[in-house]
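Presented below is the structure to which this report refers.
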Amino acid sequence: MFKRTHTCGEITAALERQIVTINGWVDRVRNLGGVLFVTIRDRYGKIQVLFRPEDGSLFSEAASLHGEDVVAVTGEIAKRPEGAIKEEMGGAVEIIAQRLEVLSKAITPPFYIHLESDVNEELRLAYRYLDLRRQRMQKNIMLRHQVVQTVRAYFNARRFLEIETPILTKSTPEGARDFLVPSRLKQGKFYALPQSPQLFKQLLMVSGFDRYYQIARCFRDEDFRADRQPEFTQIDYEMSFVDQRDIMDITEGVLKAVFESVLGIAIETPFTVLSYTAAMDTYGTDKPDLRYGLSFCDVTDHFKDSGFEPIRQAIQNGGVLKGFKVAGAAPRYSRKMLEEIENLAKKAGAKGLLHAKAVKETDSTGTLTLKTNFDRHLSAFEGENLMKAFSLEDRDICFLISGERKTVNVALGVLRGEIAKRESLIPKDIFRFLWVVDFPMFSYSEEERRFVAEHHPFTMPYLSDLESYKDTDPTKIRAHAYDVVLNGWEIGGGSLRIHSREVQKTVFDLLGIDEAGQKSKFGFLLDAFQYGVPPHAGCAMGLDRLVAILAGEEFIRDVIPFPKTTSGICQMTGAPSDVENEQLEKLSLKFIKDAR
RNA sequence: GGGGACGUGGUGCAGUUGGUUAGCAUGCCGGUCUGUCACACCGGUGGCCGCGAGUUCGAGUCUCGUCGUCCCCGCCA
């Protein structure tokens with residue numbers, strides 16, 4: 001084989017008249033009869049090679065090249081003639097061929113490699129190795145590499161140790177469903193694949209490795225989404241002797257480094273910090289997209305004596321009347337559109353949707369009046385306050401929902417997102433980070449009929465809250481937990497961890513995990529905590545989501561080299577697949593019903 | 001578990017109220033062509049319309065089932 005002296009991307013005018021050898025794939029062949037152009041591609045770029053008829057057998061051999069053949073070409077770098085220079089097409093130079101070696105022939109691929117045209121994703125996944133050859137995926141995978149390397153460099157420079165934790169580990173009852181791996185040596189028992197390295201990184205703190213990080217693969221056996229795969233990668237880190245702000249600083253620092261190195265963008269730190277309650281009250285979600293406004297305004301106080309029964313009753317029952325304004329959008333909301341929006345609100349849990357349009361009278365007075373879908377029940381006083389509260393101007397519209405606070409928030413949050421989309425209020429190419437902090441420690445699971453941890457059971461609760469509410473209303477207990485949110489995506493989260501055996505036991509008690517359960521499931525952690533555990537805290541960021549955002553991709557599949565489909569299938573390998581009965585027997589496993 | 005969208009030459013799409021021969025672009029094959037770069041031009045090849053039932057004189061089109069893909073809800077500490 002003629003080994004390459006240069007990559008395709010390295011060939012520039014500066015190398016004019018040098019003899020070089022390149023290795024790569026045939027991108028395109030353009031045979032003009034008397035002269036033949038072959039574009040060669042590698043991951044560094046593309047370069048045009050020129051074959052001339054006077055070269056005889058070399059020319060005829062080149063004429064039989066096909067797309068995706070792998071070749072070695074030796075030739076002289078030459079400036080293209082005047083008039084044939086197309087900078088944007090790949091430069092001003094080309095290689096005049098002297099020698100060609102076909103390293104391997106390719107059959108016609110099932111889809112275009114050289115074009116960015118749409119291809120059925122199923123097919124892309126079945127031929128992922130070809131899909132990955134395409135420019136977009138090459139760019140994404142290289143970008144992912146760059147992110148990972150930047151992260152490593154950042155942590156390494158700050159005394160963090162990269163430490164691996166087990167992939168075969170113990171099943172934990174809390175949280176997502178585990179992937180299970182049967183044990184052959186301990187028949188009837190199972191390993192689980194880790195949902196995250198959570199417990200191990202805490203134990204590393206106990207061991208004294210006070211700054212840990214890992215690019216960690218995590219596994220969760222739950223249904224998929226555009227931003228969820230059964231296995232995914234976290235940038236996982238943990239520190240001892242720190243407080244929440246220290247973790248935030250490190251997180252902001254690593255994000256800053258990544259955005260700087262990958263996009264050349266300087267992001268502003270520190271990020272905005274919003275409490276969970278404030279986020280819910282203002283945006284109706286715990287991961288608000290701050291690239292646009294549409295924040296909520298509470299007008300409950302002005303409607304306590306509303307003549308509109310649903311509003312009055314909701315408020316009397318401790319509920320609220322809230323909404324948000326869409327400036328200048330009133331003329332776009334026809335009756336049909338409003339009906340559509342109302343249906344959305346109802347689907348999101350609202351009982352109904354009120355709207356108010358501000359209209360300037362066309363007469364000489366030019367007064368601003370409100371047109372609402374509850375005019376009959378709206379007093380002048382209420383209307384005035386509505387206008388004031390939302391600073392309504394001509395052609396503005398505001399949407400209002402009344403009811404129980406949480407329901408109203410969530411429904412308005414859904415509307416906010418939908419209307420931002422419809423009104424094209426979401427600016428491109430900007431990055432709005434924020435921290436959401438003080439999440440509730442527990443929520444009540446109707447299904448399990450017990451309290452469950454909102455973050456995870458090792459999160460430090462506000463000790464004063466714990467004292468006040470553990471016996472009355474545990475959902476009121478706040479946690480020292482924080483999420484980092486970017487453009488409406490939760491890209492990471494973490495918490496201060498419990499480092500007291502007693503607090504940990506109180507939390508387990510509240511979760512309804514009894515003494516025996518604590519011992520069998522988390523005994524090793526509780527044991528460890530008896531031997532001197534440092535106060536510690538940590539965070540984990542979703543690498544796939546982060547890379548997707550940086551790459552401008554909507555789906556994390558497009559930044560994962562070999563992803564699964566939404567039904568958990570690998571189109572390329574066919575996994576999951578049948579196994580031999582012998583394999584099952586070695587594991588003492590058999591089907592209780594014929595799944596095949 | 002539930003809802004929605006989709007499945008037509010290798011690829012991307014069109015296909016009317018059910019109607020006779022399923023179109024278009026591109027690829028692929030052959031030819032012409034000495035400066036192209038999505039080369040151009042000429043000719044050709046290529047389809048069990050995902051699969052299976054049903055309705056009908058007749059189904060790519062309608063109905064039911066099934067398989068696959070995608071999106072959303074539930075779920076994801």
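Worth saying up front: this structure is predicted, and the values here are computed from it rather than measured. Below, chains carry the letters A, B, ... as their sequence lines are ordered, and counting in each starts from 1.
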Take atom [atom1] in [N] and the same atom in [M], then report the distance between them in whole Å.
N	M	atom1	value
B:rG9	B:rG47	C1'	5 Å
B:rG74	B:rG3	C1'	11 Å
B:rU69	B:rC51	C1'	15 Å
B:rC64	B:rA22	C1'	25 Å
B:rG19	B:rU63	P	15 Å
B:rU16	B:rG31	P	40 Å
B:rG12	B:rC6	C1'	14 Å
B:rC73	B:rC28	C1'	45 Å

Got a list of protein N/O to nucleotides 46-49 of chain B N/O distances below 3.5 Å?
none

Would you call A:E490 and A:K287 a salt bridge, using N to O less than 4.0 angstrom?
->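 No, no charged N to carboxylate O under 4.0 Å.
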Between B:rG10, B:rG35, B:rG74, spot the one nearest the side chain of A:R228, thanks.
->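 It is B:rG74.
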Among B:rU34, B:rG27, B:rC75, the nucleotide that comes nearest once only the side chain of A:V35 is considered =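 My answer, after comparing the listed nucleotides, is B:rU34.
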Nearest-angstrom distance from the residue atom [atom1] of [X] to [atom2] of [N]:
X	N	atom1	atom2	result
A:L50	B:rU36	CG	C1'	10 Å
A:R133	B:rU11	CZ	C1'	16 Å
A:E418	B:rC73	CD	P	12 Å
A:D286	B:rC76	CG	P	14 Å
A:E446	B:rC75	CD	P	11 Å
A:I113	B:rG10	CD1	C1'	12 Å
A:L32	B:rC41	CG	C1'	12 Å
A:H456	B:rC76	NE2	P	15 Å

Go through the N and O atoms of the side chain of A:R80 and the base of B:rC37, and report whether any donor-acceptor pair is under 3.5 Å.
->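 It does, because a donor-acceptor pair links the side chain of A:R80 to the base of B:rC37 below 3.5 Å.
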Would you kindly check whether a donor in the side chain of A:E94 faces an acceptor in the base of B:rG35, or vice versa, at under 3.5 angstrom?
->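 By the distance-only test, yes, there is a pair.
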Is it true that the side chains of [X] and [Y] contain a donor and an acceptor less than 3.5 Å apart?
X	Y	result
A:T74	A:Q98	no
A:T39	A:R30	yes
A:D544	A:Q229	no

Suppose we define a pair by two distances each less than 3.5 Å, Watson-Crick or G-U wobble; what does [N] pair with here?
N	value
B:rA14	none
B:rG74	none
B:rU69	B:rA5
B:rU63	B:rA53
B:rC28	B:rG44
B:rA38	none

Measure all distances between protein nitrogen or oxygen atoms and nitrogen or oxygen atoms of nucleotides 68-72 of chain B, and list the pairs falling under 3.5 Å.
unit_1	atom_1	unit_2	atom_2	d
B:rG68	O2'	A:E122	OE1	3.3
B:rG68	O2'	A:E122	OE2	2.4
B:rU69	OP1	A:T565	OG1	3.0
B:rU69	OP1	A:S567	OG	3.2
B:rU69	OP1	A:Q571	NE2	3.0
B:rU69	OP2	A:S567	OG	2.7
B:rU69	O4'	A:E122	OE1	3.1
B:rC70	OP1	A:T566	N	3.1
B:rC70	OP2	A:T566	N	2.8
B:rC70	OP2	A:T566	OG1	2.2
B:rC70	O3'	A:R557	NH2	3.1
B:rC71	OP1	A:R557	NH1	3.2
B:rC71	OP1	A:R557	NH2	2.8
B:rC72	OP2	A:A226	N	3.4

Check the angle between the aromatic planes of A:F522 and A:F508 and answer parallel, tilted or perpendicular using the 30° and 60° thresholds.
->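 Taking A:F508 first and then A:F522, their aromatic rings lie parallel (interplane angle under 30°).
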A:Y127 and A:Y129 aromatic ring geometry - parallel, tilted or perpendicular at 30°/60° bounds |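 The arrangement is perpendicular - the two ring planes meet at more than 60°.
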What protein N or O atoms touch nucleotides 28-31 of chain B N or O atoms at under 3.5 angstrom, if any, and at what distances?
unit_1	atom_1	unit_2	atom_2	d
B:rC29	OP1	A:H66	NE2	2.7

In terms of the nearest nucleotide of RNA chain B, which residue is placed more toward the 5' end: A:A176 or A:P81?
->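 Result of the comparison: A:P81.
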Nearest-nucleotide wise, let me know which of A:R52 and A:P109 is further upstream toward the 5' end of RNA chain B.
->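 Residue closer to the 5' terminus by nearest nucleotide: A:P109.
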Give a yes/no answer on whether the side chain of A:R30 brings an N or O atom under 4.0 Å of OP1 or OP2 in B:rC39.
->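 True: A:R30 side-chain N/O within range (under 4.0 Å) of B:rC39 OP1/OP2.
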side-chain contact (heavy atoms from CB on, under 4.5 Å), paired with A:L526, selected from A:K519, A:Q504, A:K521 =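 Going through A:K519, A:Q504, A:K521 one by one, the side-chain contact (heavy atoms from CB on, under 4.5 Å) with A:L526 is satisfied by A:Q504 alone.
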Is the shortest heavy-atom distance from the side chain of [X] to the side chain of [Y] under 4.5 Å?
X	Y	result
A:D178	A:L193	no
A:I556	A:R545	yes
A:L466	A:L510	yes

When you measure from the centre of the six-membered ring of A:Y462, is the NZ or CZ of A:R478 under 6.0 Å away and within 45° of the axis?
->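 Here A:R478 passes the 6.0 Å and 45° test against A:Y462.
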With sequence neighbours excluded, tell me which residues meet side-chain contact (heavy atoms from CB on, under 4.5 Å) with A:R450.
->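 Partners of A:R450 under the side-chain contact (heavy atoms from CB on, under 4.5 Å) test: A:E174, A:E448, A:V452, A:L511.
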Who pairs with A:A78 by side-chain contact (heavy atoms from CB on, under 4.5 Å), at least two apart in sequence or on another chain?
->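 Here the qualifying residues are A:I96.
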At under 4.0 Å between heavy atoms, what does [X] touch on the DNA or RNA strands: base, sugar-phosphate, or nothing?
X	value
A:V452	nothing
A:P110	sugar-phosphate
A:D223	base

Provide the full list of salt bridge (charged side-chain N to carboxylate O under 4.0 Å, His left out) pairs with a residue in residues 196-205 of chain A, sequence neighbours left out, each pair given once.
->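 Passing the test, one end in residues 196-205 of chain A: A:K201-A:D236, A:K201-A:E238.
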Report yes if the ring of A:F37 lies under 5.5 Å from the six-membered base ring of B:rU36 with planes under 30°, and no otherwise.
->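 Stacking between A:F37 and B:rU36: present.
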Quick check, are the ring centers of A:F439 and A:Y276 under 6.0 angstrom apart?
->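 Under 6.0 Å, so yes.
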